[in-house]
> 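Starting off with a structure, shown below.
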Amino acid sequence: MTPFGKLAGWVREHAPAAAAAAQEHGEAAAEGAHAPEEWGTDVMMHHVVDSNVWEFGPFGEIHLPEFAPFHIGGLEIDLSITKHVLFLMFATVLTIVTMFIAARSTRRLEDGEKAPGGLLNGIEAFYLYLRDDIVMANIGRGGERFVPLVITLFFFILYANLLGLIPFGATATGNIMVTAALAIIALVVIETAGFVALGPVGYAKTVFFLPPGLPTALKPLTLLIMAPVELIAKFSKIMALAIRLFANMTAGHFVILAFMGLILTYGPMVLQGGVFGPAVGGAAILGSMGLALFVMMLEIFIALLQAYIFAMLTSVFIGLIRHAH
């Protein structure tokens with residue numbers, strides 16, 4: 001759910017308690033007491049983590065289907081539908097529709113038909129840019145076979161990011177398990193592409209690498225030190241993809257929720273008597289809303305940027321391993 005929608009639902013649910021606390025604040029202030037702060041880390045975590053309930057604020061909630069887990073060996077597998085799973089399905093449908101439209105429009109343009117206009121033209125421009133300037137530019141010859149994968153990753157991540165910014169939405173890419181799964185897919189494709197392009201011996205050299213001209217006596221020591229480093233590097237760069245996407249999408253939501261929570265913390269001061277109470281409370285409300293709106297606009301840019309970075313780095317890693325020497 002978008003942070004503004006989450007805050008609205010929380011306010012409607014807790015408004016009576018907040019109003020009562022504000023009414024009693026004047027009496028408590030004389031004794032040095034403060035209004036209770038109910039908006040905290042637990043509340044924010046509740047609105048960010050995954051769950052089996054799709055909340056609609058004051059309009060109610062939907063309990064998503066739950067299935068009994070089954071076991072494969074010592075591994076427990078639960079295929080229940082959660083908010084993040086549901087919005088991954090939405091992102092999948094949107095990606096399929098977008099790719100179908102882009103492919104059809106590009107085929108028509110290559111056949112000499114009239115170029116589409118409006119939204120279709122924008123989708124086609126995005127598709128061609130990703131194909132020519134991201135995939136082909138970084139992978140080079142033979143990169144055509146990786147175009148569908150990289151562009152699909154871009155649009156899928158973009159939609160998953162943006163769906164978390166709409167009212168009652170959920171950011172599936174704010175789940176480390178989702179971003180880790182995407183990174184593992186990229187890892188398998190990267191390493192398979194390198195193995196096919198270089199062959200078994202050439203691929204082995206990407207792990208057991210010996211600089212040219214190295215003395216024979218130093219080769220065993222070099223392999224002992226560098227082979228684990230090269231192997232760790234293969235996984236660390238993919239882990240960076242997963243953590244970067246997860247951290248950016250989660251951090252933005254926490255920042256917005258923290259700013260909006262200041263309204264509940266300092267807002268009751270508006271009803272307080274005196275000169276400074278209403279002034280401080282009003283400034284806190286206006287400032288918090290302004291900062292939250294700014295971060296929300298920034299989140300839209302970050303959603304696009306993170307999808308672009310994931311697609312670009314996947315293309316770069318494929319190109320590097322296919323042309324490794």
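Just so it is clear, the model here is predicted, and its values are computed rather than measured.
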> Given Phe90 and Phe87, is the ring pair (Phe, Tyr, Trp, His ring centres under 6.0 Å) satisfied, shown in steps?
CA-CA 5 Å; Phe90 292 157; Phe87 278 84; 5.2 Å; yes
> With a 3.5 Å distance limit and no angle check, can you tell me whether Asn161 reaches the backbone of Ala303 through a side-chain donor-acceptor pair?
yes
> Ignoring hydrogens and geometry, is there a side-chain-to-backbone donor-acceptor pair from Thr171 to Thr173 under 3.5 Å?
no
> Do Leu241 and Thr314 touch side chain to side chain, with heavy atoms closer than 4.5 Å?
yes
> State whether the side chain of Arg322 and the backbone N or O of Arg141 hold a donor-acceptor pair below 3.5 Å, judged by distance alone.
yes
> If we count only N and O atoms by modelled type, under 3.5 Å, do the side chains of Thr82 and Asp50 hold a donor and an acceptor together?
yes
> Please report the C-alpha distance between Tyr159 and Thr98 in whole Å, then the side-chain angles of each, then the deciding distance to 0.1 Å, and finally whether the side chain to side chain donor-acceptor pair (under 3.5 Å) criterion is met.
CA-CA 10 Å; Tyr159 284 131; Thr98 302; 2.5 Å; yes
> Do you know which of Leu291, Val295, Thr250, Leu298 makes side chain to side chain contact (heavy atoms under 4.5 Å, CB included) with Val255?
Val295
> Under a 3.5 Å distance rule, please check whether Thr179 uses its side chain to pair with a backbone N or O of Ile176 as donor and acceptor.
yes
> State, yes or no, whether a side-chain contact exists between Leu130 and Phe155 at a heavy-atom distance under 4.5 Å.
yes
> Whether the side chain of Asn52 engages the backbone of His63 through a donor-acceptor N/O pair (distance < 3.5 Å, no angle test) should be reported.
no
> Tell me if a side-chain donor or acceptor on Trp54 pairs with a main-chain N or O of Phe168 at a distance below 3.5 Å.
yes
> Are any side-chain N or O atoms of Ser80 and backbone N or O atoms of Glu66, one a donor and one an acceptor, separated by less than 3.5 Å?
no
> Are side-chain heavy atoms of Met289 and Ile285 found at a separation under 4.5 Å?
yes
